[in-house]
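One structure is given below, encoded as structure tokens.
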Amino acid sequence: MAAESTPGPGIPGETGTTGSRHRAKGRRRKPRQRHKGLMVTAWTAAGIVVLGGTGAGYVYFKLNGNLKSVDIDQALGTDRPKKADNGSENILVLGSDTRAGGNKKLGGGTDDGSARSDTAMIVHVYKGHKKASVVSIPRDTLIDRPSCTDTKGKQYPAANSVMFNSAYSTGGAACAVKTVESITDLRMDHYLEVDFAGFQRLIDDLGGVEVTTTERIDDPDSHLKLKAGSHRLDGEQALGLVRTRHGVGDGSDLGRIQLQQAFIKALLNQVKDVGVFSNPKKLYDLAETATKTVTADSDLGSVDKLVSFTNGLKGITPSNMNMVTMPVAYDPADPNRVLLQEKKADQIWKALEHDKPIPKSATEGSASGEAKGVVSAP
């Protein structure tokens, strides 16, 4: 089933844009100067270094066998934005909403054989790997998807006015990366994908995550019921929270993104305090789950490569991570969809290209989802 045909909830009480309907389009590549999880999997994989110190080589070998990888570079070819030469990196992180297998019972939906990128984030790691900006891409954004080729060599024609998450359901990881690069004109240096069932197990292995909610949350679709107050969420509840959109804010995907961003910060706040790196058993359980959960690009498709990469991210804390949502406006013709605010978005892409902070003006006046502050770290 094509993602663009997936029904979504209405978005009450919002005023749409006026005039012509602008959609995200792939921009023509221009010659230019060469300037320039989910995050818990990075923290967990970084801890595998500790396991190596125990001399348990067989553990390392087993974990290496768990990892899945996709050769994004081969599928995308050479028609891509240039790599930055300023020490920064861009990582596309997707959360898959396939209903197959262990994911079928985690939050409703039918097992129609398809999968969609329910969560999409561009993680920009600045030079020195001490700071990061995270740009969430609303799945309901209408875009003009470029032609693309999947990792098996099958080609797909371009499509106009389709939902962003249709790129993944059409051509998998390679098509998702191609679409993001077309929208942003930024090279995605790496790709990470996390599935729902694995995310739930990761949170359970961590012992849950503490959050505070400022209002009651009751979403029958995500099966989450929380009173206002402090909670230690288990894996099922955490998954429900990052999938919740009804009954919070304006009921849109934008509100869900705000909940996701707040949860990620709460998660990162807690990881450093749960004794992961001093408890070999906990570390092994997390590493086992993480390596089974994540799919990476081929450059990160082994434990040693993933460790080398993620070990450099351990210095990034919630206090030096800026999280924003790609600027959009509600589509006046369809309240279930949003349209890219291209001029504002260009401010973000140019800032990341030059390894600069995202200006506040880039997100001012953008549709928000009205769920900010509903969830926070305790």
Side-chain angles (χ1 to χ4, degrees), residues 8-9 11 37-43 91-97 103 106-109 116-124 132-141 164-165 168 176 180 192-200 202-203 206 208-215 217 219 221-224 226 231 233-271 293-294 316 318 321-328 338 358 363 366-377:
I11 302 172
L38 297 171
M39 293 300 291
V40 67
T41 61
W43 283 80
I91 305 101
L92 177 62
V93 180
L94 295 184
S96 170
D97 74 341
N103 291 334
L106 303 179
R116 290 169 289 273
S117 51
D118 194 60
T119 301
M121 299 181 293
I122 299 171
V123 180
H124 178 84
S133 285
V134 179
V135 184
S136 295
I137 303 178
R139 53 166 286 173
D140 295 338
T141 308
F164 167 78
N165 67 346
Y168 181 85
V180 170
L192 291 172
E193 179 184 331
V194 181
D195 73 16
F196 281 169
F199 174 82
Q200 176 172 326
L202 278 171
I203 301 304
L206 276 169
V209 175
E210 294 183 1
V211 300
T212 297
T213 56
T214 59
E215 62 183 68
I217 299 176
D219 187 342
D221 285 354
S222 68
H223 310 310
L224 181 67
L226 294 175
H231 308 272
L233 304 183
D234 61 20
E236 184 175 0
Q237 292 172 315
L239 179 59
L241 179 65
V242 300
R243 297 197 62 217
T244 287
R245 64 187 289 170
H246 305 299
V248 179
D250 61 14
S252 72
D253 186 48
L254 302 178
R256 173 168 57 185
I257 286 174
Q258 291 179 320
L259 297 182
Q260 291 171 351
Q261 293 175 344
F263 179 81
I264 289 172
K265 288 201 170 187
L267 177 60
L268 293 181
N269 261 328
Q270 186 170 329
V271 166
T293 297
V294 68
I316 299 175
M321 177 185 295
N322 180 31
M323 305 189 78
V324 303
T325 301
M326 186 176 75
V328 293
V338 294
I358 295 173
T363 55
S366 176
S368 67
E370 301 178 13
K372 186 175 183 179
V374 174
V375 173
S376 64

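Note that the structure is a prediction, hence the values are computed from the model and not measured.
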Once side-chain contact (heavy atoms from CB on, under 4.5 Å) is applied, do any residues pair with Ala262, and if so which ones, sequence neighbours excluded?
Val375
Taking Gln261 for the side chain and Val324 for the main chain, is one N or O donor matched with an acceptor at less than 3.5 Å?
yes
Any chance you could measure Gln200, atom CD, to Asp195, atom CG, to the nearest 0.5 Å?
10.5 Å
Any heavy-atom pair between the side chains of Val135 and Ile358 that's under 4.5 Å?
yes
To the nearest 0.5 Å, what is the distance between CG on Leu94 and CD1 on Ile137?
8.5 Å
Check: Gly373 main-chain N/O paired with Thr214 side-chain donor or acceptor under 3.5 Å
yes
What distance do Phe199 atom CZ and Leu267 atom CG have between them, rounded to the nearest 0.5 Å?
7.0 Å
Applying side-chain contact (heavy atoms from CB on, under 4.5 Å), can you list everything that pairs with Gln258, at least two apart in sequence or on another chain?
Ser368, Ala371, Lys372
Measure the spacing between CD1 of Ile91 and CG of Leu192 and express it to the nearest 0.5 Å.
7.5 Å
With no hydrogens and no angle check, is any side-chain donor or acceptor of Asp253 less than 3.5 Å from a backbone partner on Arg139?
yes
Should Val248 and Asp219 count as side-chain neighbours, where that means a heavy-atom distance under 4.5 Å?
no
Of all residues at least two apart in sequence or in a different chain, which pass the side-chain contact (heavy atoms from CB on, under 4.5 Å) check with Thr212?
Ser230, Ser376, Pro378
Heavy-atom side-chain contact between His231 and Ile217 under 4.5 Å:
no
Between Ser136 and Ile257, the two heavy atoms sitting closest are CB-CG2, 3.5 Å
Could you give the distance from CE (Met321) to CD1 (Ile316), rounded to the nearest 0.5 Å?
6.0 Å
How many angstroms lie between CZ in Arg256 and OG1 in Thr325, if you round to the nearest 0.5 Å?
12.0 Å
Option among Leu259, Leu241, Val211, Thr244 that satisfies the side chain to side chain contact (heavy atoms under 4.5 Å, CB included) test with Val374
Leu259
Can you list the residues that meet the side chain to side chain donor-acceptor pair (under 3.5 Å) rule with Thr363, with sequence neighbours excluded?
none
When every non-hydrogen atom of Gly198 is compared with those of Thr293, the smallest separation belongs to CA-OG1, 3.2 Å
Could I get the full list of salt bridge (Lys or Arg N to Asp or Glu O under 4.0 Å) partners for Glu215, not counting sequence neighbours?
none
Check side chain to side chain donor-acceptor pair (under 3.5 Å) between Ser366 and all other residues, then give those that pass, not counting sequence neighbours.
none
Would you say the side-chain atoms of Gln237 pair up with the backbone N or O of Asp234, donor to acceptor, closer than 3.5 Å?
yes
Student check: side-chain heavy atoms of Met121 and Ile264 closer than 4.5 Å
yes
Nearest heavy-atom pair of Phe164 and Pro138: which atoms, and what distance?
CB-O, 3.9 Å
Please step through salt bridge (charged side-chain N to carboxylate O under 4.0 Å, His left out) for the pair Arg245 and Asp140, ending with a clear verdict.
CA-CA 12 Å; Arg245 64 187 289 170; Asp140 295 338; 3.3 Å; yes
